[in-house]
**Q** 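Can you keep this structure in mind? I'll have questions shortly.
Sequence lines set the chain letters: A, B, ... in the order given, protein chains first and strands last, and positions in each chain run from 1.
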There are 2 protein chains.
Amino acid sequence: MKIDKSLVKSFPLFEKMPDDDLERLLSQATIRRIPAGDAVFEQGGAATHFFLLLNGRLKVTQVTPDGQQIIVRVVHPGDLFGFAKALQRLDYPGTALCVSEALALCWPTDLWPRFIDRNPQLAITALNTIGQRLDEAHTRIREMSTEEVERRVAHAVLRLSKQAGKAEDAGVRIDFPITRQDIAEMTGTTLHTVSRIMSAWESKGLVSGGRQRLLVRNVAGLKALADGAKAG
Amino acid sequence: MKIDKSLVKSFPLFEKMPDDDLERLLSQATIRRIPAGDAVFEQGGAATHFFLLLNGRLKVTQVTPDGQQIIVRVVHPGDLFGFAKALQRLDYPGTALCVSEALALCWPTDLWPRFIDRNPQLAITALNTIGQRLDEAHTRIREMSTEEVERRVAHAVLRLSKQAGKAEDAGVRIDFPITRQDIAEMTGTTLHTVSRIMSAWESKGLVSGGRQRLLVRNVAGLKALADGAKAG
DNA sequence: CGCTGTATTGACAACGTTCAACGGTTGTGG
DNA sequence: CCACAACCGTTGAACGTTGTCAATACAGCG
């Protein structure tokens, strides 16, 4: 299958890469279509490939020994994922589940050291990416340590609307199917609590949505909640 | 001041580095003594240097806008810290506070790109380090999402005993001063709850300790708690 | 048309925070 | 060297947020 070079080049991660380097990179990639509901890789599986998401959405989940699940992150177009081997792991730490029909580039993890060798700039880019991800993780830890559930949910929804928001007449639509359970797993609470919170928000006109759909009608209002304004 | 090369070389991070590369690295470092209670750098301050801890202990904290504090991580000898600029940040995301008289190597952050250029292996090493740190952050998120306070505290104490444990007759001593407040800030709870939990543990012979001291008397027992055994 | 997954809502229990008071230890300055 | 302040730790009681249990309803899909 043919790979759209200009699409890849439009991602911040690759925009600074010289054309011929990019060409070489892409020539070694294969492309893969992932239907919604399929897993790209599974927690604990051997880390044979790493990936670049071209479009669609994935969620990366982890399950605890006793069966509880959390969402580690949502993968958006332009994101690298399945990075495990680059971090000196042999297995994937989580499961990447497709929630919205996706297209991804795949490289064998063995190629990683050679890439770095040829292109040290890539190492720095990768470092920045991981660093940013670490920062996000710390933010989440800080929120879970210090904020009550409603604020955490507000933050999560705002992040989603930033990363996956599509402007509509009535507000900002989260551009992929997402359930209350998903939001619960992103914020460390239960779907019941999320449902209660979002019902309250809906009656205040902050959001609206039903089954797997979510529309933010009042971003400023949500921000106020996220920043600590008490719900009135 | 003279720098002890063999000490640096004993850290996993540098053990694979050729001698002359290491020499060059060290020749550009300055050494700094940090008394307990002092900050190496402060949250929001310009990221002018990055560091390697030779001995002593630091805690890296963040404060929220409304004044609550969390401990992001504890820095142990051999750890790199103050990495910010390598991750494309201009400021330090947290404050590094010395809790136990420390010695650290300092490099200007400007040197980082040159280091990488000269020594691509260093980039991979750094990538692994950050990757591991990301993994730890996810572990913490998972624990905070799914586990109750007592298990989280058990996990935190076990980690400390692994990273800073010193064998003693009666058990494993945490080798630096640590308060209930500290543990609360590592686990996302209050010092009151930590105090209650540790009092209960003490009466069961799992731990002992008083003012800023902590001794784990029964590692297996704590592990059982951390793995989900109900407290009897 | 019934099944499965999603969502809503109520009642209740509990875990953990908040508020409050007190005791002990360390370190400091008169 | 003693008095005092500052810090650390403990414990009790009350409250509240949030999880648990349970029942119902609705949408999509085979």
**Q** Among residues two or more places apart or on two chains, list those pairs meeting salt bridge (charged side-chain N to carboxylate O under 4.0 Å, His left out) that have a residue in residues 189-203 of chain A.
**A**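 Listed once each, the pairs would be none.
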**Q** By the side chain to side chain donor-acceptor pair (under 3.5 Å) test, which pairs, at least two apart or in different chains, include something from residues 94-105 of chain B?
**A**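 Only B:R33-B:E101 qualify under side chain to side chain donor-acceptor pair (under 3.5 Å).
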**Q** Would you list the pairs meeting salt bridge (charged side-chain N to carboxylate O under 4.0 Å, His left out) in which at least one residue belongs to residues 61-84 of chain B, sequence neighbours left out?
**A**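 Qualifying pairs, neighbours excluded: B:R73-B:D79.
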**Q** Going 5' to 3' along DNA chain D, between which two nucleotides do contacts with chain B fall, using a heavy-atom cut-off of 4.0 Å?
**A**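 For DNA chain D, the relevant span reads D:dC7 to D:dA13.
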**Q** Can you tell me how far P of C:dT17 sits from CD of B:E148, to the nearest Å?
**A**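 Interatomic distance, CD of B:E148 to P of C:dT17: 11 Å.
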**Q** Quick one: list whatever passes side chain to side chain contact (heavy atoms under 4.5 Å, CB included) with B:A167, sequence neighbours left out.
**A**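 Here no residue qualifies.
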**Q** Considering only residues two or more places apart or on different chains, which pairs with a residue in residues 35-51 of chain A satisfy salt bridge (charged side-chain N to carboxylate O under 4.0 Å, His left out)?
**A**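 Counting only pairs at least two positions apart or across chains, no salt bridge (charged side-chain N to carboxylate O under 4.0 Å, His left out) contact touches residues 35-51 of chain A.
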**Q** Just to verify, what does B:R151 make a salt bridge (charged side-chain N to carboxylate O under 4.0 Å, His left out) with, not counting sequence neighbours?
**A**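 Only B:E147 meet the salt bridge (charged side-chain N to carboxylate O under 4.0 Å, His left out) criterion with B:R151.
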**Q** Nearest whole angstrom, please: distance from the P of C:dG16 to the CD of B:E150.
**A**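 In whole Å, C:dG16 P and B:E150 CD are 8 Å from each other.
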**Q** Which letters describe nucleotides 3-14 of chain C, given B = protein heavy atom under 4.0 Å from base, S = only from sugar-phosphate, - = neither?
**A** --BBSBBBB---
**Q** Considering residues at least two apart in sequence or located in another chain, which fulfil the ring-ring contact (aromatic ring centres under 6.0 Å, His included) criterion with A:F81?
**A**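 In terms of ring-ring contact (aromatic ring centres under 6.0 Å, His included), with neighbours along the sequence ignored, A:F81 is linked to A:F51.
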**Q** Considering the terminal five base pairs at each end of the helix from C:dC1-D:dG30 to C:dG30-D:dC1, what angle separates the two local helix axes, rounded to 10°?
**A**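 Nearest ten degrees gives 30° for this helix.
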**Q** Look at the side chain of A:T179 and the backbone N and O of A:Q212, then say whether any donor-acceptor pair between them is shorter than 3.5 Å.
**A**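 Judged by distance alone, no pair lies under 3.5 Å.
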**Q** What ring pair (Phe, Tyr, Trp, His ring centres under 6.0 Å) pairs are there with at least one residue in residues 176-202 of chain B, not counting sequence neighbours?
**A**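 Listed once each, the pairs would be none.
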**Q** Considering residues at least two apart in sequence or located in another chain, which fulfil the salt bridge (charged side-chain N to carboxylate O under 4.0 Å, His left out) criterion with A:R89?
**A**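 With neighbours one apart ignored, the set is A:D91, B:D135.
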